[in-house]
Amino acid sequence: MKKRTVQHLATADRNRDIAWQLAQITNIQPSPTEWSVVVGFYAAVHYVNAFLWERLDYEPKSHQDRSRLVNLTAELRPIASSYTLLLDYAYKARYEPGFRLTRDDVIDVLRNDVDGIAQHICRELGLIP
């Protein structure tokens with residue numbers, strides 16, 4: 001596996017772990033749950049970048065470019081809806097005043113979308129069966 005791929009995977013795993021930790025915070029009010037999704041989105045960015053670097057020797061320069069590749073690349077199409085949801089939630093969390101997600105919603109997004117993307121990419125890269 002290429003060095004840059006390994007670096008993207010390490011960053012993705014770290015971001016995913018941080019997203020899960022943020023989702024568990026209960027001693028801050030209001031709870032920063034929407035930031036868990038932002039960090040989860042950036043985990044997804046690095047998982048996708050790992051795949052693109054390993055398979056195509058290409059690293060997208062923008063979210064728009066990456067989204068286009070997720071939708072056009074056959075191996076990435078199965079995660080397109082999860083990636084788009086994360087992109088949308090991350091944008092809303094940063095720019096829409098008052099945007100909040102419940103802790104249960106965040107756990108669902110992390111489990112189904114972030115972890116789903118991680119598993120799909122790792123399977124595509126031959127890291128898990």
Test of understanding: with side chain to side chain donor-acceptor pair (under 3.5 Å), list the residues that count as partners of Glu96, not counting sequence neighbours.
none
Between Arg100 (side chain) and Glu34 (backbone), is there a donor-acceptor pair under 3.5 Å?
no
Correct closest heavy-atom pair for Ala23 and Arg103 would be O-NE, 2.7 Å
Side-chain heavy atoms nearer than 4.5 Å, only ILVMFWY residues, links allowed to pass through others: does that put Ile128 and Tyr47 together?
no
Smallest separation among heavy atoms of Pro60 and Leu69, with atom names:
CG-CD1, 4.2 Å
Kindly say whether Pro129 contributes a backbone atom to a donor-acceptor pair with the side chain of Arg123 at under 3.5 angstrom?
no
Starting at CZ of Phe41, measure out to CD1 of Ile117 and round the result to the nearest 0.5 Å.
9.0 Å
Using every non-hydrogen atom in the two residues, find where Val114 and Ala43 come nearest and quote the distance to one decimal.
CG1-CB, 4.3 Å
Examine His120 together with Tyr83 and report whether their ring centres are nearer than 6.0 Å.
no
Atom of Leu110, atom of Ser36 and distance for their closest heavy-atom approach:
CD1-OG, 3.4 Å
Enter the distance from Thr73:OG1 to Arg68:CZ here, rounded to the nearest 0.5 Å.
8.0 Å
Rounded distance (nearest 0.5 Å) linking atom CG of Asp113 with atom CG of Leu85
5.0 Å
Taking Asp88 for its side chain and Thr84 for its backbone only, find out whether a donor-acceptor pair lies under 3.5 Å.
no
Looking at CZ of Arg16 and OG1 of Thr11, how far apart are the two atoms once the value is rounded to the nearest 0.5 Å?
13.5 Å
Step through the shown structure and confirm whether more than 12 heavy atoms of other residues, nucleotides or ligands are within 6.0 Å of OH on Tyr89.
no
Pairing residues for Tyr91 by the side chain to side chain contact (heavy atoms under 4.5 Å, CB included) criterion, not counting sequence neighbours:
Arg94, Tyr95
Side chain to side chain contact (heavy atoms under 4.5 Å, CB included) with Ala10: which residues, sequence neighbours excluded?
none
Please table the atom pairs, donor to acceptor, closer than 3.5 Å between any side-chain atom in residues 48-55 and protein atoms at least two apart or in another chain.
residue: Asn49; atom: OD1; partner: Arg66; partner atom: NE; Å: 2.8
residue: Glu54; atom: OE1; partner: Lys2; partner atom: N; Å: 3.0
residue: Glu54; atom: OE1; partner: Thr5; partner atom: OG1; Å: 2.6
residue: Arg55; atom: NH2; partner: Glu124; partner atom: O; Å: 2.2

Set of residues satisfying side chain to side chain contact (heavy atoms under 4.5 Å, CB included) with respect to Ser62, sequence neighbours excluded:
Gln64, Asp65
Where the side chain of Thr33 meets the backbone of Leu101, is there a donor-acceptor pair that is under 3.5 Å apart?
yes
Where do Asn112 and Ser82 come nearest, in terms of heavy atoms and distance?
O-OG, 4.3 Å
Is the shortest heavy-atom distance from the side chain of Trp20 to the side chain of Asp115 under 4.5 Å?
yes
Can you name the closest pair of heavy atoms from Gly40 and Ala19 and give their distance?
N-CB, 3.7 Å
Between His63 and Val45, is a side chain to side chain contact (heavy atoms under 4.5 Å, CB included) present by the stated rule, with each step listed?
CA-CA 8 Å; His63 291 307; Val45 164; 4.1 Å; yes
Mind checking side chain to side chain contact (heavy atoms under 4.5 Å, CB included) for Leu127 and listing every partner two or more places apart, or none if nothing turns up?
Met1, Leu9, Cys122, Leu125
Tell me, do Ile79 and Leu76 make a side-chain contact under 4.5 Å, heavy atoms counted?
yes
